[in-house]
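Single-structure report; data block below.
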Amino acid sequence: DAGVTQSPTHLIKTRGQQVTLRCSPKSGHDTVSWYQQALGQGPQFIFQYYEEEERQRGNFPDRFSGHQFPNYSSELNVNALLLGDSALYLCASLGTSANEQFFGPGTRLTVL
Amino acid sequence: GEDVEQSLFLSVREGDSSVINCTYTDSSSTYLYWYKQEPGAGLQLLTYIFSNMDMKQDQRLTVLLNKKDKHLSLRIADTQTGDSAIYFCAESYGGYQKVTFGTGTKLQVIP
């Protein structure tokens, strides 16, 4: 079992650009959550996808959007990037035992 | 609202016990978690406790919950250098609800 995988590992963008981050959940998991972790902070919940729909959303602007595919993998899209979007973006997957989220290694996004 | 607070730093000697503390504000929280994050890595779930429990023990880890004071602690017995990491306290209503994290406590283990 490969666990939760994310790509790319690192990404550098400039202000105003758009970015797409990808996540494959743990085998058998159908729910994906995305978190943003700024340097020195705890992760902040962005949104959660289940059955290809956004089920919950945190306090993030509409510039942050997502998608879930039939195979349960997910994308996080961020438009009009700001310097403050620089962070580690973590994907977590949940299965039927919803008590445990399994996190991927994250994508480090740097906005210049 | 939801808020989770932790002290920023803890330093212990190898072989001693470590106690990491956390306070939370949301009395509706059903699940309380401890995660570990090593440099450059994602989050690893160490353990979790239901809000109707007072204590949970798992090998070297002991979690204590004081629901009245909204205080959670993680005790690591016989702390090893491999335990050096950032530890996050977190809460949720449970199930598929979002998880709210604290700012993390950096544990430094001195050989």
Side-chain angles (χ1 to χ4, degrees), chain A residues 2-7 9-10 21 23-26 29-51 53-60 64 66 68 72 87-108, chain B residues 1-9 20-26 29-53 56 58 61 63 72 74 85-107:
Chain A
V4 181
T5 60
Q6 292 186 244
S7 63
T9 307
H10 295 88
L21 310 181
C23 170
S24 291
K26 189 175 168 65
H29 286 189
D30 58 7
T31 302
V32 173
S33 295
W34 285 92
Y35 291 80
Q36 179 195 66
Q37 186 179 17
L39 197 61
Q41 300 295 317
Q44 298 286 318
F45 176 77
I46 303 174
F47 43 53
Q48 183 182 87
Y49 276 83
Y50 172 70
E51 291 191 342
E53 291 195 358
E54 183 183 290
R55 179 158 64 178
Q56 297 179 70
R57 189 177 183 92
N59 189 24
F60 278 80
F64 290 77
Q68 186 178 35
Y72 308 128
L88 180 68
Y89 288 84
L90 295 163
C91 167
S93 74
L94 299 86
T96 52
S97 175
N99 302 334
E100 300 186 30
Q101 292 190 102
F102 291 85
F103 281 83
T107 294
R108 173 74 62 187
Chain B
E2 309 137 350
D3 195 17
V4 180
E5 294 188 357
Q6 304 176 236
S7 53
L8 292 179
F9 187 77
I20 303 171
N21 294 300
C22 164
T23 57
Y24 61 97
T25 57
D26 192 343
S29 296
T30 307
Y31 295 83
L32 295 138
Y33 306 87
W34 284 104
Y35 283 86
K36 176 183 180 182
Q37 187 174 40
E38 296 181 83
L43 294 166
Q44 175 194 355
L45 177 64
L46 290 176
T47 187
Y48 63 91
I49 189 170
F50 298 108
S51 60
N52 61 357
M53 297 169 65
K56 181 178 180 181
D58 183 1
L61 305 179
V63 178
L72 184 73
L74 173 69
I86 298 176
Y87 290 80
F88 291 95
C89 171
E91 63 171 0
S92 83
Y93 299 136
Y96 296 95
Q97 300 302 313
K98 69 173 185 175
V99 178
T100 300
F101 288 83
T103 52
T105 298
K106 184 173 183 178
L107 175 64

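Lettering follows sequence order; numbering is per chain, from 1.
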Next on the checklist: With side chain to side chain contact (heavy atoms under 4.5 Å, CB included) as the criterion, how do A:Q101 and B:Y35 come out once you've worked through the C-alpha distance, each side chain's angles and the decisive distance to 0.1 Å?
Outcome noted: CA-CA 10 Å; A:Q101 292 190 102; B:Y35 283 86; 3.9 Å; yes
Checklist entry - Between B:C89, B:A41, B:G42, which shows the greatest number of heavy-atom pairs under 4.5 Å with chain A? => result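 The residue among B:C89, B:A41, B:G42 with the greatest pair count is B:G42.
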Next on the checklist: Is B:Q6 in contact with chain A via its backbone, its side chain, both, or neither, using a 4.5 Å heavy-atom distance?
Outcome noted: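 Contact with chain A involves no heavy atom of B:Q6 at all.
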Are more than 12 heavy atoms, taken from residues, nucleotides or ligands other than [X], located less than 6.0 Å from that residue's [atom1] atom?
X: A:Y72; atom1: OH; answer: no
X: A:N59; atom1: CG; answer: no
X: B:K106; atom1: NZ; answer: no

Item to check | Top of A:P43, A:G106, A:G42 for chain B proximity - count of heavy-atom pairs under 4.5 angstrom | outcome: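 Among A:P43, A:G106, A:G42, the one with the most close pairs to chain B is A:P43.
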Checklist entry - Pick from A:Q37, A:Q41, A:Q44: which one has the most heavy-atom pairs with chain B under 4.5 Å? => result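 Answer, by heavy-atom pair count under 4.5 Å with chain B: A:Q37.
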Checklist entry - Contact part of A:Y35 toward chain B, heavy-atom cut-off under 4.5 Å: side chain, backbone, both or neither? => result side chain
